[in-house]
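The model shown is predicted, which means the values in this text are computed figures rather than measured ones. Numbered from 1 within each chain, the chains take letters A, B, ... in sequence-line order.
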Amino acid sequence: MPRVTIDGLDLDAERGDTLLDAARHLGIEVPTLCHMEGLTPWGGCRLCIVEVGAGTRSRLVTSCTYPVEEGLKVRTNSKWVIKTRRMVIELMLGACSGSKELQDLAAKYRMEEMRFKPRHDDCILCGRCVRMCDEQMTGSAIGFLGRGQSLTINTPFDKPSAACRRCGGCMYVCPICTLRCQGPDAPTEVCGRCGSMAPTCSDVFEDYTCYMGAAGDCGTCVREEKKTAASLFCAPEPAKVTVGGK
Amino acid sequence: MAKSKKLRSVADYDRARKEASAQRNAYEARISIGCTSCSASDGRALLEAFQAEVARRGLQEKVLVRLSGCHGFCAKGPLVVFVPHRICYLKVKPSDVPEIIEETALKNNVIDRLVYRDPKTGQKCQLESQIPFYKRQLRLIMDYNKRLDPRDIGSYFAIDGYEGLIKALTRMEPEDVILEVKNSGLRGRGGAGFPTGFKWEFCRKAKGSSKFIICNADEGDPGAYMDRSVMESNPHSVLEGLIIGAYAIGADEGYVYIRNEYPIAVEHIKLAIAQAYEAGLLGKDILGTGFSFDVHVERGAGAFVCGEETALIASIEGRRGEPRQRPPFPATKGLYNKPTNINNVETLANIPLILTRGGSWYSHFGTRNSKGTKIFSLVGKVRNTGLVEVAMGSTFREIIYDIGGGIQDDRPFKAVQTGGPSGGCVPAEHLDQAIDYESLSKLGTIMGSGGMIVMDDRTCMVDVARYFMSFLRNESCGKCLTCREGTQRLWEILDDICEGRGKPGHLPLMEDLAHCVKDASLCGLGQTAGNPVLSTLRYFRDEYEEHISEKRCRAGVCKPLIEYRVVAEKCVGCLLCKKACPQDAITGELKQAHVIDGERCIKCGLCYAACKSDAVEHVKSRDLCHA
Ligand SMILES: Cc1cc2nc3c(=O)[nH]c(=O)nc-3n(C[C@H](O)[C@H](O)[C@H](O)COP(=O)(O)O)c2cc1C
Ligand code: SF4
Ligand code: SF4
Ligand code: FES
């Protein structure tokens, strides 16, 4: 059992575990996007980076793919990690500002601005759908095509695939297919942080989510400006929140 | 071409070697025509002319004419070298052939007009070794190129080829071979500079019933062609290195992964493999030593990232060429999950030398931590472009000025870019820096595979960074968000700056972003992709700032920022610019000052390049003066 030290805590990890497994075992939260339980780790989104090693030889690796090694020292929240991760999030927002999952993440990391030319892609190329289709649905109907700026996920030759059974598994796992919370103001590139960091809707109400009806109707959104613990966490400037208030 | 018989023992090999060299020495003169690669058609036409002339005079018994590999002096090709005299002719045309045979091959007279004349001293150089381009090099690997016919294993035997392999197989244990390579201090020439002996040892020690060794001949850097040249000119040396490596790590199967865009290299390595099988140097029970090894050729589709070792493995396995997390390293879990060793072409070409001459001999060349020689492809605004092999530790000045002959048109030197698309730019103040893996990395660039692009004062460093970033954003495999999105965003910002849309916040943003791309990406591509931006920002920040705050491009490259004008006092009225202009935007009579009509000008810069009196200058665009 290789012994690793994560944020100062020692752990005898299972051989074959990843650093992410080990961190989660200790209750340490590391954000992930392309990683998903039940799917093979892939290491594409780079969100789950942690710092390993010591001194000048330390480096950043993705915890979801990096195997535990005897004696490895890991820091999940070093300045370097946070600074780099915020840039990763900024890049993500620049590509897909319409995703609730990404906006929640941005809120959590107190992102203030997105300095790139906004695009509104409908895919962040995290490959969850590809692995879902292949590994859970044994469909293998979709895959990556091309590389660099022309990388896409598609069926072979852009034709409807015979392997696809229309199961919808791909859409189910997509982080970009999650619609942003809707408020009365036009959506900005970086969410105004109403304080709803955890998804407020579907978690609480089984059969009603705010994008099903008019925004704010379900009543779970923050209606007036108030300093909740959550919004304090989002400081410095708690965003002005008037969701749903007409 | 000698048909080789199957060699069953070392005695057989010795006999074949003696026969080959006797056969070679029977000729009175041997003529090697270089540049089979760069100008294959010229070379072949020249070969035919020589053969026809030799046949016409009935000299087939006396004069051997052959196409040899690349001689490296590409600016002056095709080259013709006479062995044994080593007289060297440059830029030879088929029409020169009869005279060459008559005078040089038969009478040993030198034809003055075809020899190299040193532009600095005016001195004539009859021998290849006198030409400054060659004199300052240390050509341990490249020197063989002109001495053999890459399509003939016999000519490789004649220069004692495969002796290193024989020595390894008959007189050394695999561990001894590894020790010898360790002692040589050889480091991988594919970019990362990992010590080859240690890499072999890891793979030797890895548990596995069968192992693989792969020769990486993917060479995707634009403008770099040293691996191609070695594969085309001396494929047997690479193959010999591969077989020795296989013996050292205990591999029974090997691959040569070579890009499809290199048809001659593919042909030559395939031929070399076929000949080696025929000679019994590949296959079962090689020379009766009990060691067996098979080699396959795999062609790459030409994606830059497929040169990365894990992507290369994926590609051979028939999967998408996409890097994966290391560890596990290929040495423990590589091709088909078997221990696998991957080496670069040039690395392998060094191996026979190390085995025959010894590791300690090899380690005399180079610096403390980087041994041996390195081949650079010297291109750009330098006079003598070509392939240059120097000892590690040579300085930029030696390479660019002594070997390269200085900057074209004697313009000022501005920077030299090393390491391929994700390398960095080194400014004039570091010209005297001795080059090795560590010093380059301290300067913010990399050895890479050995590209070296020389830039003069008419090069805009922001534009250079934009060019390389454009390559990287398209060649990134796209797996890592940081690499795919990061290179795209860096390119967008660089493009903004070049087009006059730069903002003050752009520079710190680019710095943060470039670091993020380097730190958070998976493979070597992303991990070096920040270099073009970071190194130009480090040495040429003022140029970036000029672009942003003054909207000025001092090199005159960023067209939206400039316009051209004729300085009346300097203009001699030679009409050159007028003739060059595709837009008819220039007016003026002979011997009178010319004028450019800004409305019609498309800023192509042809007049600027054409003017011999420096009378065309670029100034800040008037559209921007009020901006
Ligand atoms: C993007 C990328 C491209 C590469 N391209 C090549 C290449 O074309 N040829 C090569 O020999 N090595 C290339 N490498 C380096 C290989 O991954 C590997 O380190 C090398 O082949 C090992 O051989 P060596 O130890 O002999 O240098 C590349 C690496 C990266 C990250
Ligand atoms: S760093 Fe770039 S090229 Fe390398 S795996 Fe990641 S996306 Fe692909
Ligand atoms: S820049 Fe081109 S179009 Fe303009 S004047 Fe010169 S040659 Fe003509
Ligand atoms: S979650 Fe680890 S890289 Fe995406």
Mind checking the CG-CZ spacing from B/D512 to A/R115? Nearest 0.5 Å is all I need.
6.0 Å

Answer key: most heavy-atom pairs under 4.5 Å with chain A among B/G505, B/G486, B/S521 is B/S521

One should read off an interatomic distance between A/R86 CZ and B/C516 SG, to the nearest 0.5 angstrom, of 12.5 Å

For A/W80, is it the side chain, the backbone, both, or neither that has a heavy atom closer than 4.5 Å to a heavy atom of chain B?
side chain

Applying a strict 4.5 Å limit to non-hydrogen atoms, the region of B/R320 in contact with chain A is side chain

Contact summary for A/A95 and B/R489, nearest pair of heavy atoms
N-NH2, 4.0 Å

Quick one: CD on A/Q149 to CD on B/Q488, what's the gap to the nearest 0.5 Å?
4.0 Å

Crowded around B/H506 NE2? As in, over 12 foreign heavy atoms under 6.0 Å?
yes

Under 4.5 Å from any heavy atom of chain B - which part of A/L60:
both

Is the shortest heavy-atom distance from the side chain of B/C477 to the side chain of A/F144 under 4.5 Å?
no

Looking at side-chain heavy atoms only, is the closest gap between B/L522 and A/T65 below 4.5 Å?
no

Close side-chain approach of A/L125 and B/L481, heavy atoms under 4.5 Å:
no

Shortest non-hydrogen contact from B/P327 to A/E69?
CG-OE2, 3.2 Å

Calculate, to the nearest 0.5 Å, the distance between atoms CG and CZ belonging to B/D519 and A/R85 respectively.
13.5 Å

Counting neighbours of OH on B/Y336 that are heavy atoms of other residues, nucleotides or ligands and sit closer than 6.0 Å, is the number greater than 12?
yes

Which atoms of A/I49 come close to chain B, meaning under 4.5 Å heavy atom to heavy atom: side chain ones, backbone ones, both, or neither?
side chain

Would you mind checking which part of A/K117 comes under 4.5 Å of any heavy atom in chain B, side chain (CB onward), backbone (N, CA, C, O), both or neither?
both

Quick check for you: among A/T62, A/L47, A/I124, A/V61, which has the greatest number of heavy-atom pairs under 4.5 Å with chain B?
A/I124

Is any side-chain N of the basic residue among B/E485 and A/R119 closer than 4.0 Å to the acidic one's carboxylate O?
yes

For A/L151 and B/G478, which heavy atoms make the closest approach, and how far apart are they?
CD2-O, 3.3 Å

CZ of A/R147 to CZ of B/R484: how many Å apart, nearest 0.5 Å?
14.5 Å

For the atom pair CD (B/E492) and CZ (A/F116), what is the distance rounded to the nearest 0.5 Å?
9.0 Å

Between chain B and each of A/G143, A/G146, A/S150, A/C126, count heavy-atom pairs under 4.5 Å; write down the option with the most.
A/G146

Within a 6.0 Å radius of atom CG on A/D121, are there more than 12 heavy atoms belonging to other residues, nucleotides or ligands?
yes

